[in-house]
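Quick notes on the structure that follows.
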Amino acid sequence: MKSTSSSPAPDRTDSPWAPLAARVFRALWIAQLVSNIGSWMQTVGAQWLLVGHGAALVTLVQTASSLPVVLLALPSGVIADRLDRRSVLLAAQFAMLAVSGALAVLAFTDALSPTVLLALTFLLGCGTALMGPAWQAIQPELVERRRLGQAAALGAVNMNLARAVGPALGGAVVATAGAGWVFAFNAASYLGIAAVLLMWRRPSEVSAPPAAHEGLLAALHAGRRYVWNAPGVRRVLLRTLLFVPGGAALWALLPLTASRSLGLGSGGYGLLLGAVGVGAVAGAFALPRIRRTLGNNGTLAAGAVVFAGVLAVPATVHVPWLVALALLPAGLAWIAVLSTLNAAVQTRLPGWVRARGLAVYLLVFQGGQALAAPLWGAVADWLGLDACLLIAGGTMLLSAATVRRWPLRDAEGINPTSSDHWPSPPLMFEPGESDGPVLVSVVYRVPAEQQALFTDRMHRVARSRRRTGALSWGLYQDGHDPERFVENYLVSSWAEHRAQHHVRLTATDRRFEDEARALLAPGTAPEVTHAFDTSGGPVVLP
């Protein structure tokens with residue numbers, strides 16, 4: 001008998017694991033898993049070496065790991081957009097291998113003081129900061145765009161699977177052989193990613209750095225300008241900022257919970273972290289159904305509520321197996337929220353600024369953890385560990401409550417595919433790349449009955465101009481001819497304007513323009529002129 005259900009049969013190719021069918025993505029995913037296990041082992045070793053030095057010092061391990069992203073994320077994004085991303089990733093792997101090797105040598109020789117440990121952890125964080133934007137930016141080269149959400153979820157599964165294995169393994173190794181061996185394993189784990197990257201040959205059409213003509217400061221301003229004028233990206237950043245600081249309390253205070261509240265050793269602490277990882281991996285199977293049922297915003301709210309409940313358990317219950325059981329849903333909540341946010345930002349960024357936009361996302365994510373961790377440590381020393389965990393749970397409830405006020409925007413209408421739809425300007429001379437600033441003027445004729453709607457639609461066009469290079473923008477109505485509107489925007493150089501023409505505009509930008517121009521008087525078309533500044537004055541980047 002045939003089913004009477006109207007629902008289509010599930011497409012196996014769109015399962016949560018579908019991106020693993022791509023050979024390079026699969027190889028990098030496996031190598032990253034080994035590396036992430038090594039990183040978690042190293043974290044356990046570093047934190048456990050500092051447990052006897054007070055809560056504030058323990059939480060500084062997380063700060064030392066995350067703070068470099070705050071300092072270096074934006075320059076790293078520029079580097080990833082300007083240089084070959086494969087080369088950037090290789091440089092990061094070998095740099096982190098050298099630092100981890102130094103940690104191992106110092107640990108084996110009993111020369112690893114708390115100050116040196118935190119300093120080398122900071123250097124490892126610098127390698128992570130250099131790697132982060134480039135790693136995120138190559139994902140669209142490895143999987144189809146429609147599978148970026150699944151790839152982001154698999155990245156979270158990777159981290160949490162490592163969390164399930166690495167801490168328990170690291171705790172056991174520290175307890176039986178000493179911290180030096182976890183640092184040594186972490187050093188060796190970078191070789192796998194390096195090997196896959198050396199064998200990967202990027203397609204020639206994406207190997208050329210698209211932003212090589214920009215200076216460092218200009219490239220930084222371009223990335224900042226794009227994010228500031230992309231409301232959907234800004235909303236993702238806001239939701240990240242509202243979730244991450246409260247969640248950071250669990251990672252920062254769990255070693256203290258294990259040692260002080262539960263009386264566990266390094267092995268027990270590793271098992272607690274492992275419980276979080278097991279919950280995340282198991283939750284990956286339920287995540288597609290959760291998203292279909294709750295939607296993105298419902299998933300964000302539910303994840304924050306669950307995480308708040310998890311934080312309350314070790315504050316009120318001091319039975320190890322009950323705490324470990326309660327940590328299982330923490331993994332599910334963490335992966336649900338972060339994979340939702342990561343996929344949201346990936347699908348909203350065009351290729352020319354992808355690494356810089358992702359660098360801003362990583363800056364907010366890692367910066368939130370880096371700044372929150374020592375704060376939670378200070379609160380724990382002041383009010384006590386249990387009270388600190390309850391306060392952190394309260395911040396997560398506030399995060400859930402704000403989802404209705406500041407939800408993620410619908411991304412269905414966003415298409416970041418490059419659109420080279422502007423005709424080449426018919427100039428009487430050929431400007432140099434550095435000539436400018438360039439004043440672009442566009443004249444429209446708009447009937448009186450369409451003018452209110454036209455000016456409203458031009459606000460979206462204004463954001464498009466600013467995202468892609470405009471330093472300033474204005475729309476003016478002619479006082480002598482009310483149907484005549486003039487759009488003016490200033491671009492810093494002819495090279496910047498050419499980049500607007502051929503690289504930076506997207507299919508979404510074209511749609512915004514088409515919707516505004518559909519309101520023009522019948523039989524008329526926009527008239528575009530380009531004027532070059534000859535005063536020689538400096539260009540001020542807002």
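With hydrogens and angles disregarded, no donor-acceptor distance shorter than 3.5 Å links the side chain of Ser100 to the backbone of Leu97. The closest donor-acceptor contact from the side chain of Asp435 to the backbone of Gly432 lies under 3.5 Å. Not one N or O on the side chain of Arg445 forms a donor-acceptor pair closer than 3.5 Å with the backbone of Arg484. Remark: side-chain polar atoms of Asp81 are paired, donor with acceptor, to backbone N or O of Arg356 under 3.5 angstrom. Panel note: side chain Arg467, backbone Tyr226; no donor-acceptor pair is recorded below 3.5 Å. A distance-only check finds a donor-acceptor pair linking the side chain of Thr508 to the backbone of Asn415 [under 3.5 Å]. Side chain of Ser76 to main chain of Ala129: a donor-acceptor pair is present (N/O by atom type, distance under 3.5 Å, no hydrogens or angles). The backbone N or O of Arg466 sits nowhere less than 3.5 Å from a side-chain atom of Trp228 that would complete a donor-acceptor pair. Looking only at distances, a side-chain donor or acceptor of Arg85 sits under 3.5 Å from a matching main-chain atom of Ala80.
Among all heavy-atom pairs drawn from Val491 and Gly469, the shortest one is CG1-O, 4.0 Å. In terms of heavy-atom proximity, Arg457 sits nearest to Glu515 at NH1-O, 2.6 Å. Closest heavy-atom contact between Ala304 and Val337: N-CG2, 4.5 Å.
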*Evaluate the criterion side chain to side chain contact (heavy atoms under 4.5 Å, CB included) for residue pair Val486 and Leu475; output intermediate values, then yes/no.*
CA-CA 6 Å; Val486 181; Leu475 181 66; over 6 Å; no
_If you apply the rule side chain to side chain contact (heavy atoms under 4.5 Å, CB included), what do you find for Leu28 with Leu197, and how did you get there?_
CA-CA 8 Å; Leu28 281 174; Leu197 290 170; 4.1 Å; yes
*Going through the checks in order, is the side chain to side chain contact (heavy atoms under 4.5 Å, CB included) test met by Phe365 and Leu338?*
CA-CA 9 Å; Phe365 174 66; Leu338 293 189; 3.6 Å; yes
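Side-chain contact check for Thr340 and Asn296: no donor-acceptor pair (N or O, by modelled atom type) lies under 3.5 Å. Inspection of the Gln451 and Glu483 side chains reveals no N or O donor paired with an N or O acceptor under 3.5 Å. Between Arg498 and Ser493, the side chains place no donor N or O within less than 3.5 Å of an acceptor N or O (distance only, hydrogens not considered). For Gln136 and Gln346, the side-chain atoms include at least one donor-acceptor pair closer than 3.5 Å.
Ring centroids of Phe454 and Tyr444 are separated by less than 6.0 Å, placing the two rings close together. Aromatic ring centres of Phe429 and Phe532 lie closer together than 6.0 Å. For Trp200 and Phe25, the ring centers sit 6.0 Å or farther from each other.
Ring orientation note: the planes of His530 and Trp494 are nearly perpendicular, at an angle over 60° on the 30°/60° scale. Taking the six-membered ring where tryptophan is involved, the planes of Phe307 and Trp251 are perpendicular, since the angle between them exceeds 60° and thus also 30°.
Applying side chain to side chain donor-acceptor pair (under 3.5 Å) to Gln500 and the options Glu496, His497, Arg504 leaves one that passes, His497.
Salt-bridge check for Arg465 with Asp509: failed, with every basic side-chain N at 4.0 Å or more from each acidic carboxylate O.
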